Colleague: 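Here it is, the structure in full.
Positions are given from 1 along the sequence. Bear in mind the structure is a predicted one, so any value in this text is a computation, not a measurement.
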Amino acid sequence: MAIAERAVAALSLTVRGAACAALIWGGSAQVLAAGDTPATPPDEPPLGGSFHDDFDRFDEDRWYVSDGWTNGAHQNCTWSRQAIDVADGLAALEMRASGAADPAYIGGEIQTNDRFGYGTFEARLRTGTGSGLNAAFFTYIGPVHGAPHDEIDFEVLTRDTGAVSVNSFTSGEEHHGTSVPLEVATDDAFHTYSFVWEQDRIRWFVDGVLVHEASGKGGVDLPITPQKIFLSHWSTDSLTDWMGRFDAPPPGTTLAMDVDWIAYTAPGDGCRFEGSVLCVEGAVE
């Protein structure tokens, strides 16, 4: 059943993470000097616990659907609940023509209601292909939430489905970014993307294999603030150096990022479900 058919409470504003969030919030984010420690936001909400969501249904207690806004002029599509569909054990985040003049294109994004601290974040995804599009699984928190801009990313720029980009932000500053080549393209098969976030390091995995690692100091060059979990699929016609020239989907064509499952495992909870990187012997120590 399409999420458009569900009643979703209104939210005044949210932002996507990744490099575009830096464009929006970088000027106002808290920037730390080496050795500084960020202040803890007052009345910080309680953290979410371990979960595994296989999208047999859409859990409105867990997920909020972004609807009715863009993140800025760099985004040429509007978030819409019409671009989210959950059926047959998959959540499809669509990017397509809206059929209207304004907005001309709509994209799908969901985010957790809860925030999550250190632990293991995982999602099993398959993307489409197309220039000027971004299919992302990431965590984010920022000034709109009354917190510094902290973030950890997996992003597929679907003009090149043979690679996935990883990076992180700490107080609005980008760190540890790289592009990871894949043996099997993201539109040819599902991949399991996992990252383990600890106080002094982040490790990114694809299909249980370590592909990137960053060590550092929490609050300086590693995120420290609990974050929401996001899945998003969006497009641009201005960030061409990064995402490529936008190739508009033909009318009636839907490009989708399909999500098989998504999960968070708190530290110490260990192997909780088949497919988790925490169940791969020797992968995470």
Colleague: Identify the two heavy atoms, one from H233 and one from M257, that lie closest to each other, and give their separation to 0.1 Å.
Modeller: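 Minimum heavy-atom separation between H233 and M257: ND1-N, 3.5 Å.
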Colleague: Verify, without hydrogens or angle tests, whether T161 (side chain) and A185 (backbone) share a donor-acceptor contact under 3.5 angstrom.
Modeller: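 No, T161 side chain to A185 backbone: no donor-acceptor pair under 3.5 Å.
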Colleague: Classify the ring geometry of H74 against W234: parallel below 30°, tilted from 30° to 60°, perpendicular beyond 60°.
Modeller: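 Ring orientation of H74 relative to W234: perpendicular.
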Colleague: Looking only at heavy atoms, what is the nearest atom pair of T127 and A135, with distance?
Modeller: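 Answer, listing the atom of T127 first, then A135: CG2-CB, 3.9 Å.
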Colleague: So, for F169 and F138, is the gap between ring centers shorter than 6.0 Å?
Modeller: no
Colleague: Please confirm whether the ring centroid of Y193 lies under 6.0 Å from the ring centroid of F137.
Modeller: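 No; F137 has its ring centre 6.0 Å or more from that of Y193.
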Colleague: Of the non-hydrogen atoms in W204 and F195, which two are nearest, and what is the gap between them?
Modeller: CD1-CB, 3.9 Å
Colleague: Ignoring hydrogens and angles, state whether a donor on the side chain of T120 or T265 is under 3.5 Å from an acceptor on the partner side chain.
Modeller: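 No, T265 and T120 have no side-chain donor paired with an acceptor closer than 3.5 Å.
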Colleague: Which word best sums up how the rings of Y118 and W197 line up, parallel for under 30°, tilted for 30 to 60°, or perpendicular for over 60°?
Modeller: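 Y118 vs W197 ring planes: perpendicular.
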Colleague: What closest approach, in Å, do E109 and I84 show between heavy atoms, and which atom pair accounts for it?
Modeller: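 That closest heavy-atom pairing would be N-CD1, 3.6 Å.
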Colleague: Ignoring hydrogens and geometry, is there a side-chain-to-backbone donor-acceptor pair from S50 to A266 under 3.5 Å?
Modeller: yes
Colleague: Can a side-chain donor-acceptor contact be found between S235 and N76 if the only test is distance below 3.5 angstrom?
Modeller: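 N76 vs S235: donor-acceptor pair found between side chains.
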Colleague: Among D53, T112, D114, find the one that has a side-chain hydrogen bond (donor to acceptor under 3.5 Å, both in side chains) with R62.
Modeller: D53
Colleague: Output, in order, the C-alpha distance, side-chain angles, deciding distance and verdict of side chain to side chain donor-acceptor pair (under 3.5 Å) for N167 and E174.
Modeller: CA-CA 7 Å; N167 67 346; E174 185 176 5; 2.8 Å; yes
Colleague: Would a distance-only check, ignoring hydrogens and angles, find a side-chain to backbone donor-acceptor pair under 3.5 Å from E122 to V277?
Modeller: yes
